[in-house]
Amino acid sequence: MVITQRSILLAATSAAALLVATAPTLALAQAAPPANDAVVEEVVVTGFRQAYADAIQTKRDTLEIIDGISSDGLGRFPDLNVGEAIQRIPGVQINREAGGRDATINLRGLPGTFALTTINGQSFAAPILNGSAPLGAFNSDIFTAVRVLKTQTAAEQPGGLSGNIDLRIVPALARKDGGSLSIGNEYDKLGKLNSPNASLSYNKHFTDDFAAFGVLAYKKERFRRDSTQIQDYDTLAATNLGLTQAQFDALYPVSTYANGVKFPGQVRQTVRDNNGRTYSAAGGAEWQATDQLKIGLTGYFSDRNLKSSNQYLLYVDPTASSRLTNLGPIYFVDEPNAAGVVQKNAYINSYDYSNASITDSLRSEPSIQKARGLSFDVDWRNDDWRLNASARTSWADRRSDQIEIDIVQAARTGTATNGTSGHYFSGGENLKDSALTLITPTPSHINPGPWDQRPGTSVTQARNANNDRFGTTGTNGRALTYVDSIQGSAERMFNGKFLQSLKAGLRYEANTFNSSGTRNTAQGINFAGITSALSIANPYIDTFGGGYIPNYTPNWVAVDIPSVLAAIKPVTPLPGQTLTQYGLVNNDADPGFSSYNFSVDNKISSAYALGLFETDVRGVRVRGNVGARYEHTDETVASVDTSNKTVNVLGPTGAVIATRVVTTRTPRLFEQSYGNWLPSAVVRADLTDKITLRLAAYDTYVRPQPRDITPATVVTDPPEGAAVPTYTVVLGSANLKPYTAHSYDFALEWYNRPNGLVALTIYRKDVKGIVGAIRDVGRLCPADATNLGLGHLTVVGTNCFSDIQVNIGTPTAPVMTPARVVISGNENQQPVTVNGIEFNVQQNLDFLPAPFDGLGGAFNYARTTLDGTNSNGTRVTLPGVSKNNYNFIAYYETKRFGVRAVYNYRDDYDLAAGGTFNGAARSVKARGQLDMSASVNLPRNFKISLDGFNLTNAVREEYENAYSKPRRLDVDGRTYQVTLSARF
């Protein structure tokens with residue numbers, strides 16, 4: 001079989017055309033005739049009964065494995081977004097870590113960055129800062145289908161190691177004349193928030209040979225997430241109990257408590273309230289110039305603006321000088337140390353506290369995701385040849401502008417107290433049962449000044465005489481992405497008994513990723529503007545957690561960002577300092593700023609050849625294709641290495657009044673070239689009239705996500721007054737190579753009855769060069785660090801120390817101590833093998849007597865396992881990937897109405913660990929969610945639909961090593977959606 005360029009562009013319509021042949025009344029019957037045998041597991045999400053039956057027939061008639069979903073013919077996916085919809089497909093898992101509904105996904109046991117997202121079969125500029133393409137950046141109404149290509153051939157665009165996620169926009173000639181209109185509203189029960197939405201589409205055949213279409217969609221976005229969190233676990237100290245060290249050691253002997261006794265340290269309450277809107281549009285025209293020649297133009301646009309995405313936080317943080325009483329019972333948790341050896345560590349989960357550090361924080365994080373693109377296609381064919389040429393240009397803008405205002409009531413030292421007190425209980429294994437009380441002496445939480453940036457103060461904070469702090473910080477990031485490409489292909493058809501066709505193609509792509517960022521600080525602000533009047537009532541106190549977290553503290557304040565900025569600005573910058581977009585002094589010494597100001601340019605050239613064959617082996621029909629692709633990349637990375645040193649700022653009298661970080665920058669240009677051979681082979685054998693066998697072997701690869709590169713190396717001096725002076729180093733990683741895989745697929749399908757399917761797929765991927773945090777101690781603490789200006793390093797316990805001595809005393813009474821060094825960065829890691837099983841059952845029960853003949857359903861299950869070790873000997877984990885997940889789908893449908901219920905489940909999975917020796921690795925508990933959809937067909941082509949999401953009110957829970965060590969609980973609540981749609 002040969003996959004032509006035209007087939008890539010019209011893959012969605014190929015399946016629909018096959019559906020037309022068997023069910024002309026289907027809503028999706030808008031597609032062009034199939035150009036080849038590309039396999040489609042296409043499930044139309046309206047007309048459930050007929051759709052599943054036709055999808056089974058389509059799968060039976062085709063070659064390769066491509067799972068997918070389609071809209072309901074009115075441009076509607078009955079899910080919150082595209083990511084939620086495609087998680088119904090075997091092997092797809094949606095990520096819920098972020099609270100902004102970006103809808104990134106994992107595919108076939110690999111994180112989303114291992115998949116390539118395309119539009120109509122080709123790459124495009126996606127609005128990405130970090131991670132994978134956010135499917136939530138688009139209104140799903142502009143797409144007619146979403147395809148997940150799991151088995152790839154040489155004719156497919158490479159870049160998806162786990163597969164390609166193809167967003168389909170059907171061209172104009174393949175659409176029916178007419179239009180559709182829908183209006184609806186989404187209701188977020190947690191926040192009691194409404195989000196109206198609407199879409200309009202129209203297609204017109206002006207002649208039999210020329211047509212044009214347009215789609216416009218709008219959605220207001222209002223949704224909320226509430227959380228409670230244990231940010232860290234601290235070690236109990238003698239000062240916490242008012243004991244001498246000897247008394248403490250007798251109470252907690254080292255023989256029993258080798259690593260001390262730990263307690264929930266900084267505990268948090270959080271509300272994230274998102275408010276914005278999304279506009280999306282698509283349009284195009286297509287002309288059948290002659291019987292052989294077709295010309296098409298398609299464009300899209302999307303603008304998602306969460307202009308008011310705010311996080312309200314409260315921290316309660318007992319320090320070494322805080323007093324803890326009424327401690328809960330000690331329990332033990334089995335945990336691995338830095339060497340991977342399991343130890344029993346002691347914990348308590350409840351206590352009364354006094355003199356704790358209290359922080360009220362508001363983080364305003366406006367987010368913008370913009371994307372636009374234009375494609376031009378020319379297709380020519382006759383009985384012997386198929387020729388295709390296409391050109392594409394696309395652009396994307398992703399911005400995240402964060403400003404953070406912190407009010408800190410610091411714990412006092414010695415016998416003094418700040419007057420705060422309360423109680424905390426973690427809830428044991430369930431944070432929903434946690435309890436937090438808080439008493440503060442100052443209702444506004446802002447203690448009196450005067451405020452300044454005296455020596456030893458962070459550049460992001462102002463302090464008063466009691467060490468209370470008022471923080472002004474936040475990271476602003478932006479990425480501009482450009483992707484331009486041109487490609488062509490030629491296919492020669494044959495009438496031979498074995499060789500069916502030969503195809504060859506060329507492609508050239510230029511893509512650019514420009515990353516920039518700034519970091520807000522409190523330097524030069526108007527300190528006199530910091531008063532208790534800046535504190536306002538928290539608007540979410542009465543509704544926090546929606547009743548799911550009943551025992552929270554209401555002693556929680558907020559600020560109004562515009563009022564704070566008006567009070568502390570204009571700032572007075574020092575010579576050479578620049579300002580951020582908020583008018584605050586930029587911290588150009590911060591690694592978050594230095595590491596993410598760079599550009600990456602890739603020039604990519606590729607060529608491929610593919611042959612389709614068909615034969616008969618002892619009465620068994622065997623079909624397939626064999627091919628190879630070569631892709632060459634020239635990469636240029638431009639960045640700036642940074643060295644930061646702290647110097648004193650002297651006042652008029654010569655006294656030290658503040659400290660300032662002086663930054664030295666060294667421009668860096670890194671160039672590399674690499675090439676990849678990507679062979680592929682796909683075979684299908686029809687063993688009987690009901691049993692089909694598929695085999696595939698192919699090579700794929702993925703380039704590192706640009707911000708994984710972080711090309712700049714940043715070395716920062718120890719902060720002034722640190723008890724343990726620490727150099728912080730972020731290593732540049734511009735020389736990261738793509739990660740590659742040898743992949744193998746086996747599928748066995750039994751079509752047990754005309755409308756039934758039982759399918760089993762087994763796959764294996766041998767992956768090399770995965771990019772992750774450095775874990776090799778030889779790189780985290782190299783013996784020779786003179787190239788970093790840090791002398792020679794030695795590992796001491798779980799720390800790394802330099803032979804450089806730092807004075808922690810005074811100039812007249814110096815106290816010299818070795819400096820600690822903390823190094824982080826990314827690297828290509830050890831090989832890993834991914835093994836997976838996907839099991840899929842679809843049954844349409846139309847053989848039952850009425851009224852039960854409207855029943856049907858589907859069940860799919862996927863299991864993924866990893867085999868591999870890191871350079872430090874610990875097992876490989878890939879963040880965000882569950883070992884087991886399944887979907888159960890049941891529906892009942894008549895000509896008048898339809899109902900569908902979907903239950904999605906995934907078990908525990910790991911999150912990314914830190915890059916230092918003892919970075920805490922966290923996991924997420926298993927989670928199941930029930931969604932339901934119902935629709936009624938009304939007269940005059942109207943339809944009303946009602947959808948309910950997360951009807952089980954499932955929450956997201958994190959833990960560390962054991963359920964008895966909880967870390968975070970996220971509450972999203974239920975969401976309801978009602979839509980009235982019409983066809984005209």
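These numbers come from a predicted model, not from an experiment.
- Here the rule is side chain to side chain contact (heavy atoms under 4.5 Å, CB included) with Asp401, and of Arg478, Glu365, Gln581 only Gln581 fits it.
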Donor-acceptor contacts, no H, no angles, side chain residues 441-450, under 3.5 Å, sequence neighbours left out:
{"from": "Thr442", "atom 1": "OG1", "to": "Asn447", "atom 2": "OD1", "distance (Å)": "2.7"}
{"from": "Ser444", "atom 1": "OG", "to": "Ile446", "atom 2": "N", "distance (Å)": "3.2"}
{"from": "Ser444", "atom 1": "OG", "to": "Ile446", "atom 2": "O", "distance (Å)": "3.3"}
{"from": "His445", "atom 1": "ND1", "to": "Asp360", "atom 2": "OD1", "distance (Å)": "2.4"}
{"from": "His445", "atom 1": "NE2", "to": "Thr440", "atom 2": "OG1", "distance (Å)": "3.3"}
{"from": "His445", "atom 1": "NE2", "to": "Asn555", "atom 2": "OD1", "distance (Å)": "2.8"}
{"from": "Asn447", "atom 1": "ND2", "to": "Asp468", "atom 2": "OD2", "distance (Å)": "2.9"}

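- Between the side chain of Asp970 and the main chain of Ser227, no donor-acceptor pair closer than 3.5 Å is present.
- The aromatic rings of Tyr552 and Phe544 sit perpendicular to each other, their planes meeting at more than 60°, with 30° as the lower class boundary.
- Heavy-atom contacts from other residues, nucleotides or ligands closer than 6.0 Å to NZ of Lys219 number more than 12.
- Note: Phe598 and Tyr596 have tilted aromatic rings, judged against thresholds of 30 and 60 degrees for the angle between ring planes.
- Donor-acceptor pairing under 3.5 Å is recorded for the side chains of Gln266 and Arg268.
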Exercise. Where do Gln453 and Gln523 land on the side-chain hydrogen bond (donor to acceptor under 3.5 Å, both in side chains) test, with the steps shown first?
Worked result: CA-CA 8 Å; Gln453 276 199 319; Gln523 297 179 89; over 6 Å; no
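- A donor atom on one side chain and an acceptor atom on the other are not found under 3.5 Å apart for Ser367 and Arg399.
- Salt bridge status for Arg922 with Glu960: absent, with no side-chain N to carboxylate O gap under 4.0 Å.
- Between the side chains of Gln269 and Thr553, no donor N or O sits under 3.5 Å from an acceptor N or O.
- Contacts classified as salt bridge (charged side-chain N to carboxylate O under 4.0 Å, His left out) and involving residues 550-564 (residues at least two apart or in different chains) are not found.
- Donor-acceptor pairing under 3.5 Å is lacking for the side chains of Thr417 and Arg412.
- The aromatic rings of Tyr351 and Tyr424 sit tilted relative to each other, their planes meeting at an angle between 30° and 60°.
- Between Asn310 and Ser364, the side chains place a donor N or O and an acceptor N or O closer than 3.5 Å (distance only, hydrogens not considered).
- Considering Arg222, Arg363, Arg224 in turn, Arg222 is the only one that fulfils the salt bridge (Lys or Arg N to Asp or Glu O under 4.0 Å) rule with Asp273.
- Lys370 has no carboxylate O lying under 4.0 Å from a charged side-chain N of Asp397, or vice versa, which leaves the two without a salt bridge.
- Of the possible polar contacts, none joining the Glu404 side chain to the Ser361 backbone as a donor-acceptor pair under 3.5 Å is found.
- No side-chain donor from either of Thr518 and Asn586 sits under 3.5 Å from a side-chain acceptor of the other.
- Remark: Glu186 does not engage Lys220 in a salt bridge, criterion side-chain N to carboxylate O under 4.0 Å.
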